[in-house]
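In this chain, residues are counted from 1 in sequence order.
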Amino acid sequence: TNDLLFNLPVVSTSGFTTQTVNIGAMQNKGLEFSLNSKNFTGDFKWSTGFNISFIKNQVTKLQNNSPIVTDNYHVLQVGQPVGSFYMLQQTGIYQKDSEVPTALYNSGVRAGDVKFLDVNNDGNITAADRVIAGSALPEFFGGISNTINYKNFDLTVLTNFSMGNKIFSYWRGNSYGDGIDGIGGNQFNMLKETTESRWTGEGTSNSVPRAIWATANGNYNKQISTRYLEDGSYFRVKNITLGYTLLPKNNNVVKSIRLYCSAQNLLTITKYKGFDPEVTASIDPRNLGIDAGTVPQSKQFILGMNVKF
């Protein structure tokens with residue numbers, strides 16, 4: 001795709017804040033594979049459908065080939081997927097005051113605070129230390145369906161999956177220093193796991209900082225980072241439907257009656273801590289993969305009847 005449109009920021013004294021321009025190009029390469037099989041025939045019938053898609057997306061050209069930061073979480077960069085996550089990388093927790101670089105120590109950072117990757121090795125942590133941290137686009141995704149028929153019974157099981165995508169848990173931490181993981185704050189309830197895993201002394205935690213509302217230099221521990229970036233891979237049982245068909249005899253009006261029960265979104269297997277891994281606060285491809293606490297897909301249990309005349 002060439003001549004991509006983008007609202008590029010301009011000097012506000014011009015009377016405008018952005019200008020729509022053609023900034024570059026991107027490329028999509030992928031592979032789709034599907035397979036349908038009849039596993040059993042006869043009185044007992046079982047058929048299976050399987051599909052999987054692989055996709056590789058990358059920006060191939062930008063204006064001056066310079067990265068464009070689209071918001072507090074994403075960037076457009078040549079050689080990377082559209083809307084790649086762009087943020088500080090957490091490498092651990094400072095266990096001793098002596099581990100803290102002088103510049104950070106002078107700004108109030110202490111043992112128990114987050115250790116970020118210092119990309120430019122200047123002893124400080126700034127926006128210049130942000131790195132590409134993954135993409136909301138999955139490496140592959142697909143689905144599996146199974147249909148079984150035995151005499152008057154029928155059973156359908158539909159599952160889907162997505163692997164390799166990232167989700168930023170905005171509800172845990174965001175650019176405003178808020179979120180449910182605001183250890184030491186009082187605006188939100190906190191995850192039990194986070195509270196119990198917080199740093200309380202040397203060697204107690206290398207992932208969750210000490211319980212403090214703010215460091216001396218403000219929201220240091222709450223900066224946008226991979227601390228809140230999670231694996232969004234999942235396997236979901238999307239639908240299970242069991243039915244039974246009655247075939248009335250000597251009835252010229254009703255040909256068949258099918259009774260069924262159905263369960264939707266019955267089971268999801270994922271490491272994601274949020275409500276639903278199939279979530280994004282924005283459908284803009286530059287800003288995908290943000291979970292702002294969106295209401296999850298509900299489980300549904302349905303009883304029904306189909307009458308054929």
Side-chain angles (χ1 to χ4, degrees), residues 28-57 81 135-167 169 230-283 285 288-289 291 293-309:
N28 285 300
K29 290 183 177 180
L31 174 67
E32 294 183 357
F33 176 78
S34 64
L35 176 67
N36 295 297
S37 66
K38 292 184 177 180
N39 308 315
F40 291 95
T41 58
D43 289 339
F44 180 81
K45 300 181 179 66
W46 175 21
S47 60
T48 299
F50 171 78
N51 68 85
I52 188 170
S53 297
F54 300 85
I55 185 169
K56 183 178 181 181
N57 168 276
S135 171
L137 301 178
E139 296 176 5
F140 61 91
F141 59 92
I144 305 171
S145 64
N146 283 282
T147 302
I148 296 174
N149 297 91
Y150 179 66
K151 295 185 177 179
N152 290 19
F153 288 95
D154 63 88
L155 174 67
T156 301
V157 180
L158 175 64
T159 61
N160 65 326
F161 57 87
S162 176
M163 300 292 167
N165 58 297
K166 298 289 186 180
I167 300 175
S169 299
E230 301 186 45
D231 182 3
S233 301
Y234 70 88
F235 178 86
R236 168 167 282 170
V237 180
K238 195 71 175 178
N239 180 278
I240 296 179
T241 299
L242 175 64
Y244 183 81
T245 302
L246 299 169
L247 300 173
K249 296 181 179 179
N250 302 320
N251 191 321
N252 296 325
V253 178
V254 178
K255 295 182 179 180
S256 66
I257 300 174
R258 180 174 177 266
L259 306 174
Y260 68 91
C261 58
S262 177
Q264 297 182 16
N265 302 314
L266 187 62
L267 174 68
T268 302
I269 301 173
T270 182
K271 293 181 180 179
Y272 180 56
K273 297 176 182 177
F275 292 123
D276 191 345
E278 283 189 280
V279 65
T280 181
S282 171
I283 59 174
L288 296 176
D291 182 2
T294 304
V295 176
Q297 299 178 67
S298 60
K299 289 183 180 179
Q300 298 182 31
F301 299 92
I302 301 171
L303 295 175
M305 178 175 67
N306 294 327
V307 181
K308 185 177 181 180
F309 297 97

Does any non-hydrogen side-chain atom of R258 lie less than 4.5 Å from one of D154?
-> yes
Note, V254 side chain near V307 side chain (heavy atom, < 4.5 Å) | yes
Which heavy atom in P277 sits nearest to a heavy atom in G232, and how many Å separate them?
-> CB-O, 3.7 Å
Could you pull out the closest heavy-atom pair between G164 and S233, with the gap in Å?
-> N-OG, 2.9 Å
Do we see a donor-acceptor contact under 3.5 Å between the side chains of N28 and N57?
-> yes
Among all residues two or more places apart in sequence or in another chain, which pass the side-chain hydrogen bond (donor to acceptor under 3.5 Å, both in side chains) test with N152?
-> none
Inter-residue atom distance L288.CG - S282.OG, 0.5 Å rounding = 6.5 Å
Taking C-beta and beyond as the side chain, do N265 and K238 meet within less than 4.5 Å on heavy atoms?
-> yes
For T245 and S256, work out which heavy atoms get closest and say how close.
-> CG2-CB, 4.1 Å
Residues T48, N39; criterion side chain to side chain contact (heavy atoms under 4.5 Å, CB included); working and verdict = CA-CA 7 Å; T48 299; N39 308 315; 2.8 Å; yes
Rounded to the nearest 0.5 Å, how far apart are CG of D231 and CG of N165?
-> 7.0 Å
Under 6.0 Å from the CZ atom of F44, do we count more than 12 heavy atoms belonging to anything else shown?
-> yes
With a 4.5 Å heavy-atom cut-off, do E278 and T268 have their side chains touching?
-> no
Residue that, paired with R236, satisfies side-chain hydrogen bond (donor to acceptor under 3.5 Å, both in side chains) out of T270, D276, T159 | D276
Below 4.5 Å, heavy atoms only, C-beta onward: do P138 and M163 meet side chain to side chain?
-> no
Starting at CG of L31, measure out to OG of S53 and round the result to the nearest 0.5 Å.
-> 8.0 Å
With rounding to the nearest 0.5 Å, note down the distance linking CH2 in W46 to OG1 in T147.
-> 11.0 Å
Which residue pairs pass the ring-ring contact (aromatic ring centres under 6.0 Å, His included) test with at least one member in residues 136-162, sequence neighbours excluded?
-> F54-F140, F153-Y244
Looking only at non-hydrogen atoms, find the nearest pair between L158 and S145 and report the distance.
-> CD1-CB, 4.0 Å
Greater than 12 external heavy atoms within 6.0 Å of L35's CG | yes
Would you give the length of the straight line joining atom CD1 of I240 to atom CG of N146, rounded to the nearest 0.5 angstrom?
-> 10.5 Å
Find the distance between OG (S34) and CD1 (I52) and round it off to the nearest 0.5 Å.
-> 11.5 Å
Using a distance-only test with no angle check, is there a side-chain donor-acceptor pair under 3.5 angstrom linking T241 and N239?
-> yes
Go through the steps for F301 and L266 under the test side chain to side chain contact (heavy atoms under 4.5 Å, CB included), then give the verdict.
-> CA-CA 9 Å; F301 299 92; L266 187 62; 3.8 Å; yes
Is the closest side-chain heavy-atom distance between E32 and N51 below 4.5 Å?
-> no
